Amino acid sequence: MTVDDRFSRLTASAAALADPDFEPQRFVSEPVLLTGSLEVLGTPNGRDMARDALLLLMRTTKSLVVALPAGLSDLEAELQAWAQQHAWDEVPVFRILPIDLTPYAAILSIGGPPRANLPWTVITSDGWSVRASSTGAPVSQTCKIPNPVGALAAASLGVGEVFKRLLKLREDKGALLDGCAFSLWTYDADPASGPELPAVLEVDLLVAGAGAIGNGVVHLLSQLPLQGRCEVLDRQTYGEENWGTCLRLTRAASTDSKAKFLAGLLGPQLTVEPFEGDIEAMQDRTGRSPAVVLSGFDNVEARHAVQDLWPTLIVDGAIGARLECKVGAHPWPGPVACLRCMYVRPAGERAEVVQARLTGLAVESLSNLTRELSEADVAAANPASRAWLSARIGKPICSVLEDAAALSADGVAEGFRPSVPFVATFSACMMITEMVRYQTTGAVGVVPQYFLSLLWGPDYGDHYEEDRHADCVCVTRAAVIDRHRALHKAA
């Protein structure tokens, strides 16, 4: 059985973790319920968790029901508006509690007690503290300190639990969360809410990459009290397959410029500029470097280009095939490894050769990944791949590569891998935490990386420490980099 493009990356991720009899169509058609308690849904965090969980669950199942307690008509209207705006074909059904809970393959509750007799997950958040439980273990219902970052992180954990239930995840591949409490501020099992958000954050930002992680980053930036400047950079346009992984993408915008779409989500308190192109071209045009770069790129060359801006801070987000979330913080100056230290492309086949084998396209067709696939490209392709490629004429070649990677049983080239939206949004939450931490304290919380897998949960997360490499340009050309920084700061 096949599944349409918008769920292709989700089901590719699921298939890699599932048993051989996995059926993609059945997976995305399982009935799921989003509900919650009156007490928690009545708080700002509860509303944010409900909205974020709604957007993530719509990208996980075609059969979503939202059932709220009586007395929350304003929240119901708000969620219905978000659902209508962000739906593709299937719009969630809205009901009022009580309802029959037995038909659902998974239930996500925003607050409330645990229900061990049902496929039930409960989430809450308070400041930077997030909690989730899919067993009989309760979680704190305190949701006093509003924080959209904690709310999205809790929703991401909760939808990750739904994903595991729909997958019927084996015990050797992961575990449901058992009364989990996690602080984004301390990266520990810390119930403390952490510091409150400041009234104003003055920023000079570049959001580099407007894909799945970039969507989560901009979604959070749009809710923070920011003033200053923000640029959004990406050279690609969206495709249908991006809807399933990009939190804020709508059907109407599914063929838009990525940079322009995300820039349009940011509020008037920021001076916002989209840039459709490469980092090198952006700096050539502007002659300046931003103070902080929030990077969601997934390949070595793009990370090196980001590092070559030599901003005061790079916060780098990443995701992995086994639901790994990673955040890296790379301040300048300091002893922490830069992105050039940490990401070195191994010797091997040229990228074009790998991509040609993956898609069936001729190497000559892969010289410009941003242009649209043409009939001439299909005619020059491997005959065995022409029927599959014909259905993708008009799509950017980079999107065709990603589709091919998601369907490949032989593994994928770096940068073209399956993806799920809740992993990207959890990474985005850690990235924004590091940005806020640096803006308010001048310090970072990772030196330089922290990672965890949502298959196992935050209890198994860990730090990865790495100093600058003696043979890297960040050491050998440090004086030149300082002059470069001074020049572009003046610009």
Side-chain angles (χ1 to χ4, degrees), residues 9 12-13 206-217 232-239 241-242 245-246 258-259 262 275-283 293-309 311 314-322 324-328 330 337-359 361 363 365-371 395-406 408 410-420 423-424 427-428 431 448-449 451 464 466 472-473:
R9 296 181 185 175
S13 292
L206 168 64
V207 178
I213 293 176
N215 265 252
V217 165
V232 182
L233 178 141
D234 202 298
R235 69 183 185 181
Q236 298 178 0
T237 56
Y238 288 113
E241 71 283 353
N242 295 120
T245 59
C246 293
K258 291 183 176 182
L262 282 193
F275 191 89
E276 300 173 71
D278 297 322
I279 289 174
E280 297 87 348
M282 183 195 74
Q283 193 172 41
V293 179
L294 303 173
S295 174
F297 288 132
D298 59 1
N299 65 82
V300 172
E301 288 82 1
R303 284 189 167 102
H304 286 184
V306 166
Q307 186 61 73
D308 288 346
L309 294 173
I314 297 172
V315 184
D316 180 62
I319 58 179
R322 298 190 63 79
E324 298 98 342
C325 314
K326 184 169 64 175
V327 61
H330 307 271
C338 76
L339 290 175
R340 281 189 168 273
C341 294
M342 301 194 69
Y343 293 95
V344 180
R345 178 172 290 283
E349 289 183 293
R350 290 168 40 229
E352 296 89 342
V353 175
V354 177
Q355 293 161 1
R357 184 168 63 247
L358 196 64
T359 60
L361 289 169
V363 169
S365 296
L366 295 159
S367 59
N368 180 359
L369 300 184
T370 61
R371 70 175 179 82
K395 293 183 65 172
I397 291 178
C398 56
S399 294
V400 176
L401 278 166
E402 291 167 344
D403 290 348
S408 172
D410 301 321
V412 298
E414 182 179 359
F416 308 108
R417 52 175 68 96
S419 175
V420 289
V423 172
S427 290
M431 293 172 65
Q449 290 186 337
F451 59 91
Y464 179 81
E466 187 168 355
C472 181
V473 294

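Since we're looking at a predicted model, the values are computed, not measured.
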Of all heavy-atom pairs between [X] and [Y], which one has the smallest distance, and what is that distance?
{"X": "Asp298", "Y": "Arg303", "answer": "C-NH1, 3.8 Å"}
{"X": "Val420", "Y": "Ser13", "answer": "CG1-CB, 3.7 Å"}
{"X": "Cys246", "Y": "Ala212", "answer": "SG-N, 3.7 Å"}
{"X": "Gln355", "Y": "Leu369", "answer": "OE1-CD2, 4.2 Å"}
{"X": "Tyr343", "Y": "Gln449", "answer": "OH-NE2, 3.2 Å"}
{"X": "Asp234", "Y": "Gly211", "answer": "OD2-N, 4.2 Å"}

Given 3.5 Å as the limit, does a donor-acceptor pair link the side chain of [X] with the main chain of [Y], or not?
{"X": "Asp278", "Y": "Glu280", "answer": "no"}
{"X": "Thr359", "Y": "Leu401", "answer": "no"}
{"X": "Asn242", "Y": "Gly239", "answer": "yes"}
{"X": "Ser427", "Y": "Cys325", "answer": "no"}

Working to the nearest 0.5 angstrom, can you tell me the gap between [X] [atom1] and [Y] [atom2]?
{"X": "Leu358", "Y": "Leu366", "atom1": "CG", "atom2": "CG", "answer": "10.0 Å"}
{"X": "Ile397", "Y": "Gln236", "atom1": "CD1", "atom2": "CD", "answer": "11.5 Å"}
{"X": "Glu241", "Y": "Ser419", "atom1": "CD", "atom2": "OG", "answer": "11.5 Å"}
{"X": "Lys258", "Y": "Glu276", "atom1": "NZ", "atom2": "CD", "answer": "12.0 Å"}
{"X": "Asp316", "Y": "Cys338", "atom1": "CG", "atom2": "SG", "answer": "11.5 Å"}
{"X": "Ile213", "Y": "Leu294", "atom1": "CD1", "atom2": "CG", "answer": "11.0 Å"}

Flag the pair Met342 / His330 as yes when at least one side-chain heavy-atom distance between them is below 4.5 Å, and no otherwise.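 Sidechains of His330 and Met342: in contact.
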Any non-hydrogen side-chain atom of Val300 less than 4.5 Å from a side-chain atom of Val344?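 Heavy-atom side-chain distance check fails, nothing below 4.5 Å.
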Which residues satisfy the side-chain hydrogen bond (donor to acceptor under 3.5 Å, both in side chains) test with Arg322, sequence neighbours excluded?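 Checked Arg322 against side-chain hydrogen bond (donor to acceptor under 3.5 Å, both in side chains); zero matches.
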Output, in order, the C-alpha distance, side-chain angles, deciding distance and verdict of side-chain contact (heavy atoms from CB on, under 4.5 Å) for Ile279 and Phe297. CA-CA 12 Å; Ile279 289 174; Phe297 288 132; 3.8 Å; yes
Arg371 and Ser365: side-chain contact (heavy atoms from CB on, under 4.5 Å), yes or no, with the steps? CA-CA 10 Å; Arg371 70 175 179 82; Ser365 296; 4.0 Å; yes
Using side chain to side chain contact (heavy atoms under 4.5 Å, CB included) as the criterion, list what pairs up with Phe275, not counting sequence neighbours.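 Partners of Phe275 under the side chain to side chain contact (heavy atoms under 4.5 Å, CB included) test: Leu233, Ala281, Met282, Arg285.
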Verify side-chain contact (heavy atoms from CB on, under 4.5 Å) between Leu206 and Leu309, making sure each step is shown before the conclusion. CA-CA 11 Å; Leu206 168 64; Leu309 294 173; 3.8 Å; yes
Check Arg340 with Asp308, please: is the shortest side-chain N to carboxylate O separation under 4.0 Å?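 Between Arg340 and Asp308 there is a salt bridge, with a charged N closer than 4.0 Å to a carboxylate O.
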